[in-house]
Amino acid sequence: MTTMTETSARFREFKMPDVGEGLTEAEILKWFVQPGDTVTDGQVVCEVETAKAAVELPIPFDGVVHELRFPEGTTVDVGQVIIAIDVAPGSGDAPAPAPAAAAPVQEPVEAAGSGDSDAPKGRTPVLVGYGVAESSTKRRPRKGASAAPEAAAVAAAVQAELNGHAAPAAAAPAPSVPAQAGAQDGGRPLAKPPVRKLAKDLGIDLATVVPTGKDGIITREDVHAAAAPAVAPGAAPVPPAPAPVTAEAPAAAVPASARETRIPVKGVRKAIAQAMVGSAFTAPHVTEFVTVDVTRTMKLVAELKEDKDMAGVRVNPLLIIAKALLVAIKRNPEVNAAWDEANQEIVQKHYVNLGIAAATPRGLIVPNIKDAHDKTLPQLAAALGELVTTARDGKTSPAAMAGGTVTITNVGVFGVDTGTPILNPGESAILAVGAIKLQPWVHKGKVKPRQVTTLALSFDHRLVDGELGSKVLADVAAILEQPKRLITWA
């Protein structure tokens, strides 16, 4: 799928590209440019979030931003034009920006399709260059014809806000009641999307706001005036509060009396929910536990931190646990497999893409280290460090989360002893690592304080039976108890 089109020799359009695997839409998180800004080939113009990750989009040509088709927070179908660029500025008057009627702004009006005339009916564009796929996404029903004037007015207000000029006058005459001057025929007040968001953040009902803008449009000042407390006679007026400065995922202000907060489920969080439900009710999970003395492993970690061959990489217990799991898989390769439901086959994997569950502001993600089985300990340490840093920065790519075979989730960092982890779809096993604590332990016939942790291994019982799962968990525990087995068993 092409991601840009030419509307003339002067103006070029950039479409929402395929930025993930098997996805059909993305949410615009943040614009880094505005109309009138100069851009160059390769410059990042916005950040979008798919169901898998947040991705920055570079523009593929030079020019001046003519218009932004969608505001921040809008979910856009792959293939829809999101920005228009004037590639020959100064060569004449620019045409008026195209109306953004397809933008599902504020109101739950579904975004229009990609508009590709050559796309087969019943098929939708997908990401990562896989062509088209049969449409399986259920769309919300569009509003009836009575909602069309409302959507058009909102779209016009959006475009006006984006291009820095006043919104066009509403077609319907303003009612005679001042407090209702900003309302449309259906009773919905007229306001630009940023003003609606401001009102939502401040907890203001736009129906109670007296509009002062042209043609009965409610302005920011009107909202601030409605939010300001009453001023006693002779008291100094309270200045209007500035518009809230938000980060990637702005949260609406919650009144102190509120008993509930509703948070839309979308992007990564929505994908996690769907994947976990699918996994929990598709693969028959079995979880086994073992508590192990890891005192010698903790001593090895301390020694490796001082080793010059490990200089520049992060050494921690997770590194040794990851290596122990890789050795256990090498000794029990049948565990590294997947269930093919369509063909009723077990797919044996002769490589290990080791997933590491990472908590991020956007939710839990599981990037994986490709071909982890081939890496030396320093290489594995470097890969782990890079994976964690990238995840914390929110820069994990969809490709980094695809193709995992086995996963480790470290719940011990939260002080949790253990858990029953749910398999990632398409994987056969997941190892949960609990907190490492100093506990009384029988060592060489005497009770001594030792570093102890609990491991939990969940596996797909369709392809991993109890014996195989037990062997893998026992091998990991044995290596952590006697790390020299990393050498003798490798």
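We're numbering straight along the sequence, starting at 1. Being a predicted model, the structure only gives us computed values, none of them experimental.
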Hey, mind stepping through Val64 and Asp37 against side-chain contact (heavy atoms from CB on, under 4.5 Å) and telling me if it holds?
-> CA-CA 6 Å; Val64 174; Asp37 291 351; over 6 Å; no

Criterion side-chain hydrogen bond (donor to acceptor under 3.5 Å, both in side chains) on Asp62 and Thr40, from CA distance to verdict | CA-CA 4 Å; Asp62 301 335; Thr40 57; 4.9 Å; no

Could you go step by step and tell me if Lys30 and Glu56 meet the salt bridge (Lys or Arg N to Asp or Glu O under 4.0 Å) rule?
-> CA-CA 9 Å; Lys30 185 176 182 180; Glu56 293 180 339; over 6 Å; no

Could you check Ser458 against Thr287 for side-chain hydrogen bond (donor to acceptor under 3.5 Å, both in side chains), going step by step and ending with a plain yes or no?
-> CA-CA 4 Å; Ser458 291; Thr287 305; 2.7 Å; yes

Go through Phe61 and Asp41 one step at a time and tell me if the side-chain contact (heavy atoms from CB on, under 4.5 Å) criterion holds.
-> CA-CA 4 Å; Phe61 36 77; Asp41 186 359; 5.6 Å; no

After noting the C-alpha distance and the side-chain angles of Gln43 and Phe32, does the key distance pass the side-chain contact (heavy atoms from CB on, under 4.5 Å) rule?
-> CA-CA 10 Å; Gln43 177 179 338; Phe32 298 116; over 6 Å; no

Could you walk me through whether Ile28 and Leu68 pass side-chain contact (heavy atoms from CB on, under 4.5 Å), step by step?
-> CA-CA 11 Å; Ile28 298 177; Leu68 308 180; over 6 Å; no

Test log, rule salt bridge (Lys or Arg N to Asp or Glu O under 4.0 Å), inputs Glu67 and Arg69 = CA-CA 6 Å; Glu67 62 172 325; Arg69 292 290 178 87; 2.9 Å; yes

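Between the side chain of His285 and the backbone N or O of Leu423 there is at least one donor-acceptor pair closer than 3.5 Å. The main-chain N or O of Ala435 is never found under 3.5 Å from a side-chain atom of Asp417 such that the two would form a donor-acceptor pair. Not a single donor-acceptor pair under 3.5 Å links the side chain of Thr454 to the backbone N or O of Gly434. Formation of a donor-acceptor pair under 3.5 Å by the Asp222 side chain with backbone atoms of Thr212 is found in this model. Looking at Asp393, its side chain never comes within 3.5 Å of a backbone N or O of Thr390 through a donor-acceptor pair. Without hydrogens or angle criteria, Glu72 side chain to Trp31 main chain gives a donor-acceptor distance under 3.5 Å.
At least one side-chain heavy atom of Cys46 sits under 4.5 Å from a side-chain heavy atom of Val48. Under the 4.5 Å side-chain criterion, counting only non-hydrogen atoms from C-beta, Phe70 is not in contact with Thr75. Between Leu455 and Leu431 the shortest side-chain heavy-atom distance falls below 4.5 Å. Two residues are said to be in side-chain contact when any heavy atoms from C-beta on lie closer than 4.5 Å; Glu47 and Val55 fail this criterion. Taking 4.5 Å as the limit, every side-chain heavy atom of Val411 sits out of range of all side-chain heavy atoms of Val433. The shortest distance between side-chain heavy atoms of Pro367 and Ile356 does not fall below 4.5 Å. Taking the side chain as every heavy atom from C-beta outward, Phe14 and Ile82 approach each other to under 4.5 Å. The side-chain heavy atoms of Ile408 and Leu354, taken from C-beta on, include a pair separated by under 4.5 Å.
Minimum heavy-atom separation, Thr396 to Ala391: OG1-CA, 3.2 Å. Across Pro211 and Gly216, no two heavy atoms sit closer than the pair CB-O, 3.5 Å. The two atoms that bring Ala432 and Gly419 nearest to each other are CB-O, 4.5 Å, heavy atoms only. Annotation for Asp205 and Thr208: closest pair O-OG1, 2.6 Å, computed over non-hydrogen atoms. Between Ala226 and Val209, the shortest heavy-atom distance links the atoms CB-CG2, 3.9 Å. Shortest non-hydrogen contact noted between Val406 and Ser428 is CG2-OG, 4.4 Å.
Under the side-chain hydrogen bond (donor to acceptor under 3.5 Å, both in side chains) test applied with Asn424, the options Asn368, Thr407, Thr405 reduce to a single match, Thr407. When Val65, Ile59, Ile85 are each tested for a side chain to side chain contact (heavy atoms under 4.5 Å, CB included) with Val45, only one passes: Ile59.
Between Phe11 and His66, the two ring planes are tilted [angle within 30° to 60°].
Rounding to the nearest 0.5 Å gives a distance of 12.5 Å between CG of Leu190 and OG1 of Thr219. Taking CG of Leu387 as the start and NZ of Lys370 as the end, the distance is 10.0 Å to the nearest 0.5 Å. Taking CG of Leu457 as the reference point, atom CG of Leu325 lies at 8.0 Å (rounded to 0.5 Å).
The pair Arg314-Glu386 fails the salt-bridge criterion, with no side-chain N (NZ, NE, NH1 or NH2) lying under 4.0 Å from an Asp/Glu carboxylate O.
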